[in-house]
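What follows is a single structure, written as structure tokens, with notes after it.
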Amino acid sequence: MRLSELQEKVGGDVVGDGSIALSGVGTLERARADQIAFLANPRYRSLLESTAAGAIIIGKRDRDATSKPRLVVDNPYATFARVAQIFSPMTSVRGAIHGSAVLADGVTLGRNVDVAAFVSIGANATLGDNVRIGAGCVIGEGADIGEGTILAPRVVIYPHCQVGRRNVIHSGAVIGADGFGFAPDFKNGEGEWVKIPQTGRVIIGDDCEIGANTTIDRGAIDDTVIGNDVKLDNQIQIGHNCTIGDHTVIAGCVGIAGSSHIGRRVMIGGKAGVIGHLTIADDVIVSAMTLVTKSIAEPGTYTSGTPMQPHREWLKNSVHLKHLGEIADALKKNGELK
Amino acid sequence: MRLSELQEKVGGDVVGDGSIALSGVGTLERARADQIAFLANPRYRSLLESTAAGAIIIGKRDRDATSKPRLVVDNPYATFARVAQIFSPMTSVRGAIHGSAVLADGVTLGRNVDVAAFVSIGANATLGDNVRIGAGCVIGEGADIGEGTILAPRVVIYPHCQVGRRNVIHSGAVIGADGFGFAPDFKNGEGEWVKIPQTGRVIIGDDCEIGANTTIDRGAIDDTVIGNDVKLDNQIQIGHNCTIGDHTVIAGCVGIAGSSHIGRRVMIGGKAGVIGHLTIADDVIVSAMTLVTKSIAEPGTYTSGTPMQPHREWLKNSVHLKHLGEIADALKKNGELK
Amino acid sequence: MRLSELQEKVGGDVVGDGSIALSGVGTLERARADQIAFLANPRYRSLLESTAAGAIIIGKRDRDATSKPRLVVDNPYATFARVAQIFSPMTSVRGAIHGSAVLADGVTLGRNVDVAAFVSIGANATLGDNVRIGAGCVIGEGADIGEGTILAPRVVIYPHCQVGRRNVIHSGAVIGADGFGFAPDFKNGEGEWVKIPQTGRVIIGDDCEIGANTTIDRGAIDDTVIGNDVKLDNQIQIGHNCTIGDHTVIAGCVGIAGSSHIGRRVMIGGKAGVIGHLTIADDVIVSAMTLVTKSIAEPGTYTSGTPMQPHREWLKNSVHLKHLGEIADALKKNGELK
């Protein structure tokens, strides 16, 4: 594909020879002469001299930082992503239902739906046009999968959950298992936890990606709701009745307890946690492994935890963590600290 | 169902019109006139005035806080859970073995067992009466599933594990994978980790719930043992040879390393960790994201970690965390701190 | 099996009656007279007097610490592991392809391959000799599984990934799902995350073990690479383009963000995290629940976090954590701290 053809598809201005033929994307360090690379971070500008890439996707302010054929755009990284999609399109659907698949009564299939081997689809479920269901998926009774959505192998969608359009859900994800709701009924240490039926659903919007082995629990009475363009990495746990706003991205291994509400365009770092019944405002950033224990009303970055140290030094300091109160009291007594 | 009929099933005293017809449960905020709500937390007492609920489950001390038809009980939350179960019963078993299921020789099936599509059951496994096995489950050789237990789709039970009665195990849970046991055999940095065969089992009691994608490893030589009425949320990891006492509840994303012993009625918050070979007493509460690094002998709440701050403030403070030893030394030198 | 026969298989010196017949392994506390136990940790030396074990695996310096028949070796724990393997060999392959398995065109099978029920294998995948594929596994197009590797039930290998020889992969593991790569394209809060196609693979060496529900993402352009003899516990997440050196062991629930490089013989404790684009040197030890936020160039143990306390004491101290800067400033003002 020529650079000029890419430009027609993704926009921007071609500077230099638009007829150069390209067969894929690469990084500045490793791209070959038939590949196109990109410069988004000025830190890597020096690589422009040494790169073997045949063409470069570059921002407007760096327009003249290379003499190679280039595509000058507002957002080189996003343009790179779109160009990469052109060279690596999602496998197309074939419109085939594997003979082993088990479809219960009342299943509605759109046009051009792929259902792979050993898929089980419950009664009255609906699959939109161009939906692709990987091997071994289980789709519960009355569930609804919107057009163009792709389920990788071995995804489970519990009954009555709704998944919007153009989502990608990776293997092992479990959508709609029961939320964790039990009422204690104990006297003098004897008794039982009484299960509260989880009768809500999970509702997922459009254009989301849900990572491998991520779990999203169904609501207790009301629903758990994931917005549009939400990107969830692997092994995330989202409790019952949470809501996640549009464009929010959550890195791997994050846990969000029940009934918390995450705003739009929030970014949550890996292994962070959010306790239940909180509200996090739009545009908040939560650092990796931070525990959010109260609602956050203002945009900005929030962090908990302590810096890593060599263990020997950590020991020396951490022993005093248990006596910070005494240290502060000593200083206050002397009037050194208010 | 009339309020008086509910009272016959769950106990308590009806005050007001017991003939009111109810079709479900709801929260005080959202319940409709044909639904019953509950008041457990006095903080929400003011909602009694505005609620549209047709009837209320309420505690004895709040008996006169509403004039609506009400069910006066000792434990309104637990009663609410039982009433909700009446309105949303678990789907009943149909006693059907799907034609695609593969049952090896010597499988024993109780009465009224459901086995869904694409289930594989190993030789000499036993399923009790009214057991329900979801699509795509794999049950290993010699495993034993007690009566009334429900496996959601895609659960794996490794060989010889025992699951008691009336358990619910959610999708993606893996019961009985090998514990993490390897003996190092290295000299001068060369060598290998030698696998220690994991020949114990997982034994799960009665009335437990195990969340989606939770993993419980089999014991190395002895067994890993989960008690009765233990409630495990999603994505929990329990290492080999742990024991978990009756009525203990563990929130999502908790990890418990091998050979730790958790008492009865323990509550562990989300994302907490317990290192190996510890003992935690009955009735302990562990806060979210706390790392338990030593045994806990006394009931109470235990916490580690630091409070979340705006990142800018966190930076200012955390730099000093690395110098706490020096701060304490300075104070001790002056006699301000013992 | 006689002690002398074990010695022929695993080496070491027999002291005492080599003709004693043994039927298994046990711990010093619980072994019976027909079992062999081991002493690796001198702390347990006193158990030698009370143990009922028929024979002992023991180190050279403890050669005379018991009068029982014994196998004197350099590394009693590793020898114990090898002896345990002799008594509990892995189930042997039967060379049977279950009738329900679906093999696409061009699949290459080695000799003596086991494929269980409901397995789906994509076009042009290759399975080496003595490979064992558990029920419900899904192996993508063009994937390659080396000889002697065992996949427990319900493992997913995405297309084109390579798994070496003699690996064990436990249930629910997902190898090769898309890495978490999206380019932001927003203006004034409106826009979208643009997916970056993840076209790299996962390459796993030989002799690794991968725990239940662990996920390893495929590379974005280049590959994610796991070395040889790497042992990964359950519920670990490894991001795209990471590399993990030989003999590294990682405990449960660890998350490693994208493009981080972990050295050889590294040990990472449970629930630890490593942020992206870091390098960790050979022989580093990371403590449990530590967050690694910068590269580590020197071997040694590294730790973050704070010690657990009773919650009441934690509250007293943690309030001052937010004012450490002021405490340090007060001390500096007085010249008590540099």
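First the proteins, then the strands, lettered A, B, ... as listed; each starts at 1.
Within a 6.0 Å sphere centred on CG of A:Asp105, heavy atoms belonging to other residues, nucleotides or ligands number 12 at most.
Among all heavy-atom pairs drawn from A:Val156 and B:Arg154, the shortest one is CG2-NE, 3.1 Å. Nearest heavy atoms, B:Ile250 versus A:Phe180: O-CZ, 3.4 Å. Pairing each heavy atom of B:Ala152 with each of A:Tyr158, the nearest pair is CB-OH, 3.1 Å. Contact detail for B:Gly325 and A:His320: the closest heavy-atom pair is CA-CD2, 3.4 Å. Listed here is the closest heavy atom pair of B:Asn75 and A:Pro184: ND2-O, 2.9 Å.
If you measure heavy-atom distances from A:Ala104 to chain B, you find no contacts under 4.5 Å at all. For B:Ala117, the part sitting under 4.5 Å from any heavy atom of chain A is the side chain, from C-beta outward, and nothing else. Residue contact with chain A, scored on non-hydrogen atoms closer than 4.5 Å, involves the side chain of B:Phe80 exclusively. Residue contact with chain B, scored on non-hydrogen atoms closer than 4.5 Å, is absent for A:Glu313. Residue contact with chain A, scored on non-hydrogen atoms closer than 4.5 Å, involves the backbone and the side chain of B:Arg82 alike. Contact annotation for A:Gln235: both backbone and side-chain heavy atoms come within less than 4.5 Å of a heavy atom of chain B.
By number of non-hydrogen pairs under 4.5 angstrom with chain B, the leading residue of A:Leu291, A:Val254, A:Ile221 is A:Leu291. Your options are A:Asn317, A:Ile327, A:Leu324, and the one with the most heavy-atom pairs under 4.5 Å with chain B is A:Asn317. When A:Gly181, A:Gly191, A:Gly140 are compared by the number of non-hydrogen pairs under 4.5 Å with chain B, A:Gly191 comes out ahead. Counting heavy-atom pairs under 4.5 Å between each of A:Gly300, A:Pro307, A:Gly136, A:Ala177 and chain B puts A:Pro307 at the top. Chain A forms the most heavy-atom pairs under 4.5 Å with one residue out of B:Ser304, B:Gly24, B:Ala212, and that residue is B:Ala212. Contact count against chain B (heavy-atom pairs under 4.5 Å) is highest for A:Asp222 among A:Ile296, A:Thr214, A:Asp329, A:Asp222. Among the candidates B:Pro89, B:Ala251, B:Ala116, B:Pro153, the residue making the largest number of heavy-atom pairs closer than 4.5 Å to chain A is B:Pro153. Listed options A:Gln309, A:Lys316, A:Met289, A:Glu326 were ranked by heavy-atom pairs under 4.5 angstrom with chain B; first place goes to A:Gln309. The residue among B:Lys332, B:His323, B:Lys271 with the most heavy atom pairs within less than 4.5 Å of chain A is B:Lys271.
The interface of residues 273-285 of chain A with chain B, defined by heavy-atom distances below 4.5 Å, comprises A:Gly273, A:Ile275.
Under a 3.5 Å cut-off, the side chain of B:Trp314 and the backbone N or O of A:Gly305 do form a donor-acceptor pair. Here the side chain of B:Asn213 pairs a donor or acceptor atom with the backbone of A:Gly172 at under 3.5 angstrom.
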| request: Begin from the C-alpha positions of A:Val102 and B:His98 and carry the test side chain to side chain contact (heavy atoms under 4.5 Å, CB included) through to its verdict. | output: CA-CA 10 Å; A:Val102 171; B:His98 193 274; 3.7 Å; yes
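By the 4.0 Å N-to-carboxylate-O rule, A:Glu190 lies close enough to B:Arg264 to be salt-bridged with it.
B:Ser171 pairs with exactly one of A:Thr215, A:Val174, A:Ile175, A:Val138 by the side chain to side chain contact (heavy atoms under 4.5 Å, CB included) rule, that one being A:Val174.
To the nearest 0.5 Å, the span separating CG on B:Asp74 from NZ on A:Lys187 amounts to 4.5 Å. Atom CD1 in A:Ile236 sits 13.0 Å away from atom CG in B:Asn234 (nearest 0.5 Å). To the nearest 0.5 Å, atom NZ of residue A:Lys195 and atom NZ of residue B:Lys231 are 7.5 Å apart. A distance of 13.5 Å separates CH2 of A:Trp193 from CG of B:Asp246, quoted to the nearest 0.5 Å.
The aromatic rings of B:Phe118 and A:Phe118 sit perpendicular, their planes meeting at an angle over 60°, well past the 30° parallel limit.
By the 4.5 Å heavy-atom criterion applied to side chains, A:Thr303 and B:Leu315 are not counted as neighbours. Side-chain contact between A:Phe182 and B:Glu209 is present, with at least one heavy-atom pair separated by less than 4.5 Å. The side-chain heavy atoms of B:Thr306 and A:Leu321, taken from C-beta on, include no pair separated by under 4.5 Å. Side-chain contact check for B:Gln85 versus A:Val194: some heavy-atom pair is nearer than 4.5 Å.
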Name every donor-acceptor pair, under 3.5 Å, that has one atom in a side chain of residues 197-204 of chain A and the other anywhere in the protein, sequence neighbours excluded.
unit_1, atom_1, unit_2, atom_2, d
A:Gln198, OE1, A:His240, ND1, 2.7
A:Gln198, NE2, A:Ile196, O, 2.7
A:Thr199, OG1, A:Ala220, O, 3.0
A:Arg201, NE, A:Asp223, OD1, 3.3
A:Arg201, NH2, A:Asp223, OD2, 2.8

